[in-house]
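What you see below is based on every heavy atom in this structure, not just the backbone, and it leaves out hydrogens, waters and symmetry mates. To find a chain, count down the sequence lines: A is the first, B the second, and so on, and within it residues start at 1.
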Protein chains: 2
Amino acid sequence: MEKLEKFREFIRDRGLKSTRQRDEIASWFFRHRGHVNAEQIYREVKEAMPGIGFSTVYRTMKLLVEAGLVAERHFGDAEALYENLSAHHDHCICTGCGKIIEFENQQIEQLQDSVAERFGFLLQSHRMELYGLCSACRPKAAQ
Amino acid sequence: MEKLEKFREFIRDRGLKSTRQRDEIASWFFRHRGHVNAEQIYREVKEAMPGIGFSTVYRTMKLLVEAGLVAERHFGDAEALYENLSAHHDHCICTGCGKIIEFENQQIEQLQDSVAERFGFLLQSHRMELYGLCSACRPKAAQ
DNA sequence: GTGCGTGCAAAGTATTTGCATGATG
DNA sequence: CATCATGCAAATACTTTGCACGCAC
C-alpha cells in the first residue's frame, strides 16, 4: 500500500484533509488493474460507501493525477480513462474488439528523448498508442 | 484541390449527395493548416454560408474522418481537434503555452511496426505525443 | 418524386461548480 | 472552531439526434 501512503503525504503537504472518501477511492483504484472510467470507480466505491457522489470521484481522481500517481487518458473518444501510473508503459489498442495491451520499449523512449531535445523541449511525459487489429480480430476483418 | 476531389468521390461511392455545405466545410478545412476544433470551423464557414448549423459541421467532419482524410484527436481534454491527414506526423506539445510542433521520425515508426508485429497486431494507425516545456516556457518555469 | 441533407431546437454525455451541511486538523 | 470536503442539484461544454422542410439525383 505504498502508493496510498504517497497520496496521503501529497494531501498533507498541500494542507488538505484526509477523508474516508479519498482513502476509499484511492485504495480501490490502486487495487485495480487496467483502465477505468469515472462511472466504474463510482459504482465500485459506492458498494463500500453508499452515500458517495460522482463529484467526489472526479475531484479525487483529479488530485491523484496532480499527485502524479494516476494518468488521465482519452483513447479515441471523449470519455476519460484513468490509469495507474506505477510503471511506465504505452498502449496497443485493437480497433476490432477494444482490447488494450500494455508494452514498453526502451529504444522508442530514447528516440523520444532525442526528438524532444532537438526542439529544445524539456520532456515531462508522453503517450504513444498503436491502433490495429489483434490476432483474434484480424481473420474476421479479412473475410 | 486533390483532397476535395477525393472527398467528393467518397461521397459519390457511398451513394450520398454532394452539397454546397459539404464542399464549403471540406474546402475550408483543407485550406487550413494545423488543428482546429468544431467551433472554429463553424465560425469560419459561417462567413461564407451564414445559415450553416453546428450539426452540419459535425456531420461533415465525421464523413471526412470516415473518408480517411481527417483525423479526430483529443489532446488531454475532451474537445475534439481535427487534423488534416495529408502527411503523417506526430506531436510535441508544450504544457506551458500549448504550442504544438509537428514532427516525424522514421526510426520510431519502424520500431512501432516491430512492436505491433510482436503482439500479432496489424497496425492501422498510431499516435504519439510528447509533452514538455518548450524553450520559451522552460526559463519561466525554472524561476 | 424519393431519399438524403439541412438547420433548428432539444436531448445526450461527461464533467464541473455553487451551496448548505458535515467532518477534519 | 476555522477550514476544507462532501453530496446534491444545477450548470456547463461538447456533441448527437428528431423532425419538418428543402434540395440533389
Would you confirm whether A/Arg138, through its side chain, and B/Gly120, through its main-chain N or O, come within 3.5 Å as a donor-acceptor pair?
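Such a contact is found between A/Arg138 side chain and B/Gly120 backbone.
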Sub-3.5 Å donor-acceptor pair from the side chain of B/Ser27 to the main-chain atoms of B/Asp23, do we have one?
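Looks like yes, one N/O pair under 3.5 Å.
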Whole-Å gap separating [atom2] ([N]) and [atom1] ([X]):
X	N	atom1	atom2	value
A/Gln21	D/dT6	CD	P	5 Å
B/Tyr42	D/dA13	OH	C1'	16 Å
A/His74	C/dT13	NE2	P	18 Å
B/Met49	D/dC23	CE	C1'	12 Å
B/Tyr58	D/dC14	OH	C1'	5 Å
A/Lys46	D/dT6	NZ	P	15 Å
A/Asp23	D/dT6	CG	P	10 Å
A/Ile52	D/dA5	CD1	P	14 Å

Of the nucleotides C/dT24, C/dG5, C/dA14, which has the atom closest to the A/Glu79 side chain?
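Looking only at side-chain atoms, A/Glu79 lies closest to C/dA14.
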Looking at the side chain of A/Thr56, which of D/dG7, C/dT16, C/dT6 is the nearest nucleotide?
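Of the candidates, D/dG7 comes closest.
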DNA chain D: 5'-proximal contact among B/Glu72 and B/Lys17 (nearest heavy atom)
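Checking each residue's closest nucleotide, the 5'-ward one belongs to B/Glu72.
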When you look at CD of A/Glu66, are more than 12 heavy atoms from neighbouring residues, nucleotides or ligands closer to it than 6.0 Å?
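Counting other residues, nucleotides and ligands, CD of A/Glu66 exceeds 12 neighbours.
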Once you measure the plane-to-plane angle for B/His91 and B/His89, does it fall in the parallel (<30°), tilted (30-60°) or perpendicular (>60°) bin?
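Taking B/His89 first and then B/His91, their aromatic rings stand perpendicular (interplane angle over 60°).
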Tell me whether the centres of the aromatic rings in A/Phe75 and A/His35 are closer together than 6.0 Å.
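Ring-ring flag for A/Phe75/A/His35: true, centres closer than 6.0 Å.
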Does [X] put a side-chain nitrogen or oxygen below 4.0 Å from OP1 or OP2 of [N]?
X	N	answer
B/Thr19	C/dT6	yes
B/Arg22	C/dG5	yes
B/Lys62	D/dT15	no

Determine the contact category for A/Ser55: base if any of its heavy atoms lies under 4.0 Å from a base atom, sugar-phosphate if only primed atoms, P, OP1 or OP2 are that close, otherwise nothing.
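The answer is base, as A/Ser55 lies within the cut-off (heavy atoms under 4.0 Å) of a base atom.
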Hey, does B/Arg59 reach any base, or is it just sugar-phosphate, or nothing, if we go heavy atoms under 4.0 Å?
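The residue B/Arg59 makes base contact.
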